[in-house]
*Asks:* 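Structure in structure tokens, see below.
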Amino acid sequence: MTSSDRTDELSERPALPTPPPGDTVVVPADEDPVAAAASEVFGGPPGRRALLGVGWWTAARVLAVCTIAVFALGMVQKVPCYNSGWFYGATAQYDHACYSDIPHLFTLRGIANGDFPYLHQIPGASADMKYLEYPVLTGLFMWIAGKFTPTTGGDVHREQIFWLVNAGMLLVCAVITVIALSRTHRRRPWDALLFALAPVLALDSTINWDLLAVALTAVGMALWARRSVAWAGVLLGLATAAKLYPVFLFGPLLVLCLRAGRMRDFAQAFGAAALAWLAVDLPFMIANFDGWATFYRFSQTRGIDYGSFWLILSQNGLINLDTDTVNTLITLLLGVCCLGIAWLALAAPRRPRFAQLAFLVIAAFVLTNKVYSPQYVLWLTPLAALARPRWRDFLVWQATEVLYFLAIWYNLAYNSGSSQKGLPNDWYHAAIAVHILGTLYLVAMIVRDALAPENDPVRLDGSDDPSGGPLDGAADVRVLGHRGHAAAPARYGFDKAIDGASELLGRPGHVHDAVEQGGGVA
């Protein structure tokens, strides 16, 4: 195909709308039927003369207040456990669905004694768990919370205060997350309301320390969206030092930067992430490598556990595999999923958005894993708000996660108590299947949006990739199959913006010239 043929083919395709000015805010009630219906409670959708975000009640402040309110509801939901369930009764914390790792690990991991994670062994530790089994930044987070916990008083009182201190610190993480989300898609700050009002934010936030990594990841993505490439890498590197999953976001960035010819940006972000991760982890690796490596060894040696489809197969006698074999199969399955995501990134008629692929790769990670703790949904919730900002699909998925949240505790109650009151294994397996199907439903919607961009809510107005940073509006360089679509983002509404920037640089029309010359198209 000649360069003129490619240009003719592009010119024959209907152009998407030209994006409105960057300071135009998208109002969910104007484009989302569920949001429009919900707005009737407050008097209906805003009119065209409504002054949104004017005065003290800016979008960021409204979102922060909503996040605090939902988080507070979650703390209220934990009251039965705070008062007694964590401390008395074999199954009380499961019967009330208010379990949390935080108060238990205060004593069990030596934080109550003032021990420094990774350097001091856990009191009474077993041979295979001598040190804290969390990544470094999470361990430091726990240790800092321990420093704000009284050293006097009974164990119950101290564990209650430790949970409250951690809840306050995690609330700060939740607010940082929602503000970062509101600033990732500049014209769509209200998409962050999906995270702020998510039921799982109330239910799961204080089970464990995952919100620390969630907040660091959200800030890193916001910085990438604002083209602060190196700082984005630093935050994602710190997020990886708090939890493993953020490192997988570099997979989507790699293939998207490869397609757009922005490998220098990728290298800068990845290099900064590696340096940030080393800055945090290297001192502990040097001081006590055995303590530092406990998290990674535990991840490898941990057997099939709650929440995974592997558990369904195992408990029904369909598989009988050792842990090494399961690890190998998980690696193969995840590798196949990542190859599929890479193909989507390189072969879709229009380059998928970063947030879309980020959700897909983390969803692949949690679905193929040998364990799915209920708080893992917090990893996906901010990404879902950016990848598919539609309330109907979001609430369908959230409903399946709430069902799973209840199912795991009632199943633990059934298996822990002598009376076997709760949810039998068969019903728990059904809840796991529902959770998997709910996540796959959202995956399917995002894949459809990537293959047919006219269905993508973010791109309805002609936007390209608001979370893409250097990728936003960039021409394609390497595309699989759709050779004539290589510069589609530049043609579909972003040509004016990019050419305007080119004129400021003294190089007008450079994107169109690249298309017409056909240079660099794979």
*Asks:* Quick one: does Phe359's side chain get under 4.5 Å of Arg353's, heavy atoms only?
*Replies:*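 Sidechains of Arg353 and Phe359: no contact.
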*Asks:* Closest heavy-atom contact between Ser205 and Leu170?
*Replies:*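 Minimum heavy-atom separation between Ser205 and Leu170: O-CD1, 3.5 Å.
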*Asks:* Check for a donor-acceptor pair, side chain of Gln77 on one end and backbone N or O of Ala97 on the other, with a separation under 3.5 Å.
*Replies:*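 Yes, Gln77 side chain to Ala97 backbone: donor-acceptor pair under 3.5 Å.
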*Asks:* Tell me, please, which residues at least two apart from Ala192 pass side-chain contact (heavy atoms from CB on, under 4.5 Å).
*Replies:*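 By the side-chain contact (heavy atoms from CB on, under 4.5 Å) rule, Ala192 matches Leu63, Val178, Leu181, Ser182.
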*Asks:* Kindly compute the distance separating CD1 (Ile161) from CG (Leu164), expressed to the nearest 0.5 Å.
*Replies:*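 Between Ile161 CD1 and Leu164 CG, I get 5.5 Å after rounding to 0.5 Å.
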*Asks:* Just by modelled atom types, is the Arg302 backbone N or O under 3.5 Å from a matching donor or acceptor in the Lys370 side chain?
*Replies:*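 Checked: pair present.
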*Asks:* Compare all side-chain heavy atoms of Val458 with those of Pro389 and state whether any distance is below 4.5 angstrom.
*Replies:*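 Val458 reaches Pro389 side chain to side chain.
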*Asks:* Please say whether more than 12 non-hydrogen atoms of neighbouring residues, nucleotides or ligands are located less than 6.0 Å from CZ in Phe148.
*Replies:*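 Open: at most 12 neighbouring heavy atoms sit under 6.0 Å from CZ of Phe148.
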*Asks:* I'd like to know whether CG of Asp322 has more than 12 heavy-atom contacts from other residues, nucleotides or ligands below 6.0 angstrom.
*Replies:*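 Atom CG in Asp322 is crowded, with more than 12 foreign heavy atoms closer than 6.0 Å.
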*Asks:* Ignoring hydrogens and angles, tell me if any N or O in the side chain of Asn327 forms a donor-acceptor pair with the backbone of Gln300 under 3.5 Å.
*Replies:*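 At least one qualifying donor-acceptor pair exists.
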*Asks:* Using 0.5 Å steps for rounding, measure from the CG atom of Asp456 to the CE atom of Met445.
*Replies:*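 Atom-to-atom, Asp456:CG and Met445:CE are 10.5 Å apart.
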*Asks:* Donor-acceptor check, side chain of Asn415 to backbone of Asn411, threshold 3.5 angstrom: yes or no?
*Replies:*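 Such a contact is found between Asn415 side chain and Asn411 backbone.
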*Asks:* Within the side chain of Ser373, is there an N or O that forms a donor-acceptor pair under 3.5 Å with the backbone of Tyr376?
*Replies:*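 Not a single qualifying donor-acceptor pair exists.
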*Asks:* Check the pair Leu140 / Phe284 against side-chain contact (heavy atoms from CB on, under 4.5 Å), numbers first and verdict last.
*Replies:* CA-CA 11 Å; Leu140 292 177; Phe284 292 91; 3.8 Å; yes
*Asks:* Drop me the distance from Phe106's CZ to Ser100's OG, to the nearest 0.5 angstrom.
*Replies:*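 It comes to 13.0 Å.
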*Asks:* Is there side-chain contact between Leu383 and Met221, with heavy atoms separated by less than 4.5 Å?
*Replies:*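 Leu383 reaches Met221 side chain to side chain.
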*Asks:* If the test is side-chain contact (heavy atoms from CB on, under 4.5 Å), which one of Ser84, Cys81, Ser416, Pro103 qualifies with Gln93?
*Replies:*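 Output: one option passes, namely Cys81.
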*Asks:* Could you tell me how the ring of Trp277 sits relative to the ring of Trp292: parallel (under 30°), tilted (30 to 60°) or perpendicular (over 60°)?
*Replies:*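 Perpendicular: the ring planes of Trp277 and Trp292 meet at over 60°.
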*Asks:* For residues Val402 and Pro199, report the shortest heavy-atom separation together with the two atoms involved.
*Replies:*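 Val402 and Pro199 have their closest heavy atoms at CG2-CB, 3.8 Å.
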*Asks:* Less than 4.0 angstrom from a charged side-chain N to a carboxylate O is my criterion; do Asp290 and Lys130 meet it?
*Replies:*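 Judged by the 4.0 Å cut-off on N to carboxylate O distance, Asp290 and Lys130 do not form a salt bridge.
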*Asks:* Give the ring-plane orientation class for Tyr134 versus Trp209, where under 30° counts as parallel, over 60° as perpendicular and anything between as tilted.
*Replies:*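 Answer is perpendicular, since the angle exceeds 60°.
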*Asks:* Give every residue pair that meets the side-chain hydrogen bond (donor to acceptor under 3.5 Å, both in side chains) criterion with at least one member in residues 140-161, sequence neighbours excluded.
*Replies:*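 Counting only pairs at least two positions apart or across chains, the side-chain hydrogen bond (donor to acceptor under 3.5 Å, both in side chains) contacts touching residues 140-161 are Thr107-Glu159.
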*Asks:* For the backbone of Ser463 and the side chain of Asp461, can you confirm whether one donor and one acceptor N or O come within less than 3.5 Å of each other?
*Replies:*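 It does hold such a pair.
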*Asks:* Would you call Gln356 and Pro252 a side-chain contact if the rule is heavy atoms closer than 4.5 Å?
*Replies:*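 The answer is no, as the side chains (C-beta and beyond) never meet within the 4.5 Å cut-off.
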*Asks:* Would you please classify the geometry between the Tyr99 ring and the Trp409 ring as parallel, tilted or perpendicular, with 30° and 60° separating the classes?
*Replies:*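 Taking Tyr99 first and then Trp409, their aromatic rings sit tilted (interplane angle of 30° to 60°).
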*Asks:* So which atom in Cys173 and which in Phe141 form the shortest heavy-atom distance, rounded to 0.1 Å?
*Replies:*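 Heavy-atom minimum between the residues: SG-CE1, 4.3 Å.
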*Asks:* State, yes or no, whether a side-chain contact exists between Leu171 and Ile68 at a heavy-atom distance under 4.5 Å.
*Replies:*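 Leu171 reaches Ile68 side chain to side chain.
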*Asks:* Checking salt bridge (Lys or Arg N to Asp or Glu O under 4.0 Å) for the pair Asp449/Arg388: CA distance, chi angles, key distance, verdict?
*Replies:* CA-CA 8 Å; Asp449 291 348; Arg388 177 69 184 170; 2.7 Å; yes
*Asks:* Is atom NE2 of His96 surrounded by more than 12 heavy atoms (other residues, nucleotides or ligands) closer than 6.0 Å?
*Replies:*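 No, the 6.0 Å shell around NE2 holds no more than 12 heavy atoms from other groups.
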*Asks:* So Leu216 and Leu137, side-chain contact (heavy atoms from CB on, under 4.5 Å) or not? Walk me through it.
*Replies:* CA-CA 11 Å; Leu216 292 170; Leu137 269 190; 4.1 Å; yes
*Asks:* Checking Val62 against Trp190 for the side-chain contact (heavy atoms from CB on, under 4.5 Å) test, could you report, in this order, the C-alpha distance in whole Å, the side-chain angles of both residues, the deciding distance, and whether it holds?
*Replies:* CA-CA 9 Å; Val62 172; Trp190 295 108; 3.8 Å; yes
*Asks:* State, to 0.1 Å, how close Ile102 and Asn166 come at their nearest heavy-atom pair, and which atoms those are.
*Replies:*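 It is CG2-ND2, 3.7 Å.
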*Asks:* Can you tell me how far apart CD (Glu401) and CG (Asp204) are? Round to the nearest 0.5 Å.
*Replies:*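 Between Glu401 CD and Asp204 CG, I get 8.0 Å after rounding to 0.5 Å.
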*Asks:* Side chains of Val377 and Leu203: closer than 4.5 Å at any heavy-atom pair?
*Replies:*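 No - every pair of side-chain heavy atoms lies 4.5 Å or more apart.
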*Asks:* Is there a salt bridge (Lys or Arg N to Asp or Glu O under 4.0 Å) between Asp393 and Arg390 once you walk through the steps?
*Replies:* CA-CA 6 Å; Asp393 301 326; Arg390 278 290 181 264; over 6 Å; no
*Asks:* Closest approach of Phe248 and Leu334, non-hydrogen atoms and distance?
*Replies:*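 Answer, listing the atom of Phe248 first, then Leu334: CE2-CD2, 3.9 Å.
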*Asks:* Could you check if a side-chain atom of Pro246 sits within less than 4.5 angstrom of a side-chain atom of Thr240, using non-hydrogen atoms only?
*Replies:*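 The answer is yes, as the side chains (C-beta and beyond) meet within the 4.5 Å cut-off.
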*Asks:* With respect to Leu197, which candidate in Val70, Thr67, Leu395 satisfies the side-chain contact (heavy atoms from CB on, under 4.5 Å) definition?
*Replies:*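 Per the side-chain contact (heavy atoms from CB on, under 4.5 Å) rule, the option paired with Leu197 is Val70, out of Val70, Thr67, Leu395.
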*Asks:* Evaluate side-chain contact (heavy atoms from CB on, under 4.5 Å) for Trp427 paired with Tyr414, printing each intermediate quantity in order.
*Replies:* CA-CA 11 Å; Trp427 285 102; Tyr414 179 85; over 6 Å; no
*Asks:* Can you name the closest pair of heavy atoms from Pro123 and Gly110 and give their distance?
*Replies:*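 Minimum heavy-atom contact is CD-CA, 3.9 Å.
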*Asks:* Distance check, rounded to the nearest 0.5 Å: Ile362 atom CD1 versus Leu249 atom CG?
*Replies:*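 Answer for the CD1-CG pair, Ile362 versus Leu249, is 4.5 Å.
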*Asks:* Scan Phe405, Tyr306, Tyr404, Phe365 and name whichever one has a ring-ring contact (aromatic ring centres under 6.0 Å, His included) with Tyr372.
*Replies:*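 The ring-ring contact (aromatic ring centres under 6.0 Å, His included) with Tyr372 is passed solely by Tyr404 among Phe405, Tyr306, Tyr404, Phe365.
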*Asks:* Less than 4.5 Å apart, any side-chain heavy atom of Leu380 and any of Leu442?
*Replies:*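 No. Closest side-chain heavy atoms not under 4.5 Å.
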*Asks:* Output yes when a side-chain donor or acceptor of His120 lies under 3.5 Å from a complementary backbone atom of Phe116, and no otherwise.
*Replies:*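 A pair under 3.5 Å: yes.
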*Asks:* Nearest 0.5 Å please: distance from the CZ atom of Arg109 over to the CE atom of Met142.
*Replies:*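 It is 7.5 Å, given to the nearest 0.5 Å.
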*Asks:* Between Asn288 and Tyr131, does a side chain to side chain donor-acceptor pair (under 3.5 Å) hold up when you go through it step by step?
*Replies:* CA-CA 10 Å; Asn288 185 7; Tyr131 299 95; 3.3 Å; yes
*Asks:* Looking at Trp86 and Asp101, would you say the former's side chain and the latter's main chain have a donor-acceptor pair under 3.5 Å?
*Replies:*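 Side chain of Trp86 to backbone of Asp101, a donor-acceptor pair under 3.5 Å: no, none is there.
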*Asks:* Step by step, work out the side chain to side chain donor-acceptor pair (under 3.5 Å) result for Asp465 and Ser467.
*Replies:* CA-CA 5 Å; Asp465 186 1; Ser467 63; 3.1 Å; yes
